[in-house]
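First up is the structure itself, then whatever we jot down about it.
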Protein chains: 2
Amino acid sequence: MKRVTIKDLAQHAQVSRGTVDRVLHNRGHVADEVRLKINEAIEELGYKPNIIARTLAQNNEYKIAVLIPDPEADEFWEQPNEGIKRVMPEFEDFGVVVEPFHFNNEEPKSLSDKAKEMFKRNPDAILMASEFYKESLYVLDEIERRKIPTTLIMTHIDSSNEFNYIGQDSFKSGAMAGRLFDVSISQDMKRILVFNLGATSANTLQIKNKIIGLSSYFDGRADFELIEVEIQNFKNTAAIKSKITELLSTHEDISGIFVTNSRSKYLAPALEELGLDHLCFIGFDLLQDNVDYLLNGTIDFLINQNPAKQAEWAIKKLVDQLVFNRKNKSTEYVPLDIVIKENVSCYLH
Amino acid sequence: MKRVTIKDLAQHAQVSRGTVDRVLHNRGHVADEVRLKINEAIEELGYKPNIIARTLAQNNEYKIAVLIPDPEADEFWEQPNEGIKRVMPEFEDFGVVVEPFHFNNEEPKSLSDKAKEMFKRNPDAILMASEFYKESLYVLDEIERRKIPTTLIMTHIDSSNEFNYIGQDSFKSGAMAGRLFDVSISQDMKRILVFNLGATSANTLQIKNKIIGLSSYFDGRADFELIEVEIQNFKNTAAIKSKITELLSTHEDISGIFVTNSRSKYLAPALEELGLDHLCFIGFDLLQDNVDYLLNGTIDFLINQNPAKQAEWAIKKLVDQLVFNRKNKSTEYVPLDIVIKENVSCYLH
DNA sequence: AATAAATCCGTGCCCCTGCACGGATTTTGA
DNA sequence: TCAAAATCCGTGCAGGGGCACGGATTTATT
C-alpha cells in the first residue's frame, strides 16, 4: 500500500512534477485541458500530500506567541506553561517555536504593552489568555487585521466568534458543584456561601456563569439558599475570618462553601481557625496549597480547570493550522474534572 | 537559531557527512581519532537528529498490531478503537499503520488463534488487551522472543515488568468510590452491596483491587459494611431481582450499590423495578446504557476507565519508540474521572 | 618490493515537496 | 513573414538524513 506521490500523479497525467505542483497550489499558468487531467489523477489515485516532505522542503519556522499573565507572579499561570512545555518537543521538529509574552495580571496597560511587543516580532500564530476585556478587544482587533491564527484559552472574549476558544464550560461547572453540594450536604436546608475572592461576578463572565449554573441546579427547590460574598483583600486571613463570623451570625446553618475561582487557599485557613472545616467546601484548580487543603480534608472537592491541558490543546490546534493546515472546531471545552483526595495524584504531573 | 545538521558536524570535524553518519549510528569503520573528534562536535554543537528528515529518508512502514476483544460483540471495546482512530491521523504521515486483530472475548482459544495470525504478519509493535491470563502468557512469551515493542492496556498481566502498561489504578478507584459513598450516604450505617457481574474477584485482579481499595477507605471504621455478591447470568433481570430481594431480606438498611465492572446497565433496571433507585449507585465506564441510567438518576456516579484514552496513550507510546526512539516510563495510570450527570457530556466524544 | 587485503572515508542517490529558472511552443502584432 | 510577447511546462536544486558503492590510503602477506 504505497503512498501516492506527486510523481505518480505526474506520470498518470503524462506531465511533469512541476505542472502537478502548480495545479495543487492553484498557481495558474496551466492549460485547462492539462489541469483537468491532473485533477482527475488526484481524484482517481487519492493523492494526499506528504506533510513530512513538505515540512522538510519548506524549512520555515513557525513562531507561536504566548500572551498570558506572568507565571512568576501567580502560581496559577505556571500551569499553562507546563502544558506548553509538555507538547513542544513533539512539534519543534516541525519548526514550531514558542515565544512567551508575560504581562502583569494586575495592570491592564501591561497587556497592551506586551501585545505591542508581540506584534513587533511578527508571530505566525497567537495563544492568548486575558481577563482584561477592554484591552483584549484592541489586541483582537489588531489580530484580525493581521489575520493571524489565534486561540484563546481560559477566558472567552465574545467580541466575535472568529477566534478559536478553549476553556471550561463555566455554567456546567457551577451545576456540577450544585450536585456535589446536594449529595454531600445532609441537612434539610442547604445554605451555601459563595465567595468571589478578588473578583466580582459582575465583571467576570466566568464567575457569573458558574453562579448561574449553581443556582440552576437547585432551580425550583425550596431547600436551598445561596449567599454571595465578595472579598477584595482576600490575602488578609483576619479580615476573612471576621467576615465569616459576621455571616454566621446573620445566617444560621451554613452548610456549604463555594469559592468561584482558584483562590480557595486563602479561605481555607480562616475556616480551619474557626473550626469550620467540616463544611462542604468546593473550589477550583489544583494549586499546591489548594491540593494540601484537599488532602487534609478542609476542601472536599476541587474542580479542575485543567489550565495545562487547555494550553496543550491550544498549541496543538495552532500547529494543526500552521503545519498541517487542518481546520477544526472553533470552540472546545475541556472536561470538568472532579478532584478529591483519592484521585488528586492522577491530575498532578 | 538554526538547527545543527549533520553537515554542520561534518564541517566542524573536518570530515564528510558519511563519516558523521557512521559515528551517529555506531556502524564502525571509523578511526578512533576521527570518532572522538566527531563526538566532540556532537557534544559541542548540541546535535539533535531531525526526525522529519529521518522519517522521509527511511520511508518505511510501521505496522502496529492491535490485539483486543471484538468491539462488535462488546460495546465496551468500541472505545479503544475510537481512541485509536482519534490519534492515527497524527501519525499516518510517519508511516504508522494499524492492523486490528479482534478475538472473541468469551473464548480463550480465540486469543491464541488471533495472536498466531498476528505474528504471521510480523508487526513492528503490539497494542494488546486481554483478560485471559494463561493464554496471554503464551503471547507475551512469543513477544519477548521476537523483541517487539508492546504496550498492554486495561488489564495488567504481571508475568514480568518488561512490558509497558497503561491502565487504571484499581485500588485507587475503589478508594475513590469509598469516599463518594461516604459523602453521599447520610445513614449512620453504610451497608454497600458489591456486585461482580460475570466475573469473580478471585480471578480478576482489577476487581479484587477495586474491592480492596474500597474497604481500605473505610478501614478502622465501624459504620460500614461490605457485602460481596457474584452473579454469573447477569443478563437475566429477573434473576438479579430475586437475588437483590433475597439480600434485602437478610440485610437491612442497604444504602449503596457498587458494580465492579462496566456492567451496571444490567443491574440498573432491576433496581428501578424494585423501587431502589434512590440508593447511592456507583459503577464503571461510559457505555451508552450506563450513561442513560446516569442521566435518569438511577446511577449516581460512574468512574471512567477511559478506554479510549488508554488506547490513545498506548499508540502514542509505541510511536514514540518506533518513530522517535524515545524511551518513556513503563507504567502509566490514566486519570480517575468521576462522572456525574452534569459533566458526562465532556467525556463523551 | 609488489600484490592482496583490510580499513577508512567521501560522493552521490534516494525520500517528497516547493519553487525558481529558463526552455519550448504558441499567439500576437506590424 | 518574422520578431516579440505570452503562455505553458520541464528541469534542477534545496532541505536533512540514511545508506550503498566505490575510491583512497594504510596494513598485512609472501
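Treat the numbers as computed from the prediction; the structure is a model and nothing was measured.
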Mind listing the N/O atom pairs, protein and nucleotides 19-26 of chain D, below 3.5 Å?
none

Taken to the nearest whole Å, CD1/A:Ile38 to P/D:dC8 is 13 Å
| Is there a donor-acceptor contact under 3.5 Å linking the side chains of A:Asn164 and A:Gln321? | yes
The answer to which of B:Asn59 and B:Gln14 contacts DNA chain C further toward the 5' end, by nearest nucleotide, is B:Gln14
Would you please say whether a donor-acceptor pair under 3.5 Å links the side chains of B:Asp70 and B:Asn104? no
Rounded to whole Å, the CG-P distance (A:Asn26 to C:dC19) equals 13 Å
In whole angstroms, the gap separating C1' of C:dT17 from NZ of A:Lys48 amounts to 17 Å
For residues 90-104 of chain A, the salt bridge (Lys or Arg N to Asp or Glu O under 4.0 Å) pairs (sequence neighbours left out) are A:Asp93-B:Arg3, A:Glu99-A:Arg121
Discussion item. Is B:Ser16 close enough to C:dC9 that one of its side-chain N or O atoms is under 4.0 Å from OP1 or OP2 there?
Written reply: no
key: Whether B:Glu312 side chain and B:Arg86 backbone form a donor-acceptor pair below 3.5 Å   = no
Rounded to the nearest 0.5 angstrom, the CD-CG distance for B:Glu40 and B:Leu9 is 12.0 Å
(Q) Does a side-chain N or O of A:Tyr47 approach OP1 or OP2 of C:dT17 to a distance below 4.0 Å, or not? (A) yes
Here the salt bridge (Lys or Arg N to Asp or Glu O under 4.0 Å) pairs for residues 7-25 of chain A, sequence neighbours left out, are A:Asp21-A:Arg27
Taken in chain and number order and not counting sequence neighbours, the residues that satisfy side chain to side chain donor-acceptor pair (under 3.5 Å) with B:Asp32 are B:Arg35
In whole angstroms, the gap separating P of D:dG18 from CG of A:Leu56 amounts to 12 Å
B:Asp8 CG to D:dG15 P, in whole Å, measures 11 Å
The complete set of ring-ring contact (aromatic ring centres under 6.0 Å, His included) pairs with one or both residues in residues 70-96 of chain A, sequence neighbours excluded, reads A:Phe94-A:Phe324
DNA chain C nearest-nucleotide lookup for B:Val30 and A:Ala53: closer to the 5′ end is B:Val30
Taken to the nearest whole Å, CD1/A:Ile52 to C1'/C:dC14 is 16 Å
Between CG of B:Asn60 and P of C:dC16 the distance, given in whole Å, is 12 Å
note: B:Leu36, atom CG; C:dC9, atom P; distance rounded to Å ~ 12 Å
message: Parallel, tilted or perpendicular: which one describes the rings of A:Phe132 and A:Phe103, with boundaries at 30° and 60°?
response: tilted
Check: Under 4.0 Å between a side-chain N/O of B:Thr5 and OP1 or OP2 of D:dG16, yes or no?
Finding: no
Axis-to-axis angle across the helix from C:dA1-D:dT30 to C:dA30-D:dT1, five pairs each end, nearest 10 degrees, ~ 60°
Q. Would one find a side-chain N or O of A:Lys7 under 4.0 angstrom from OP1 or OP2 of C:dC15?
A. yes
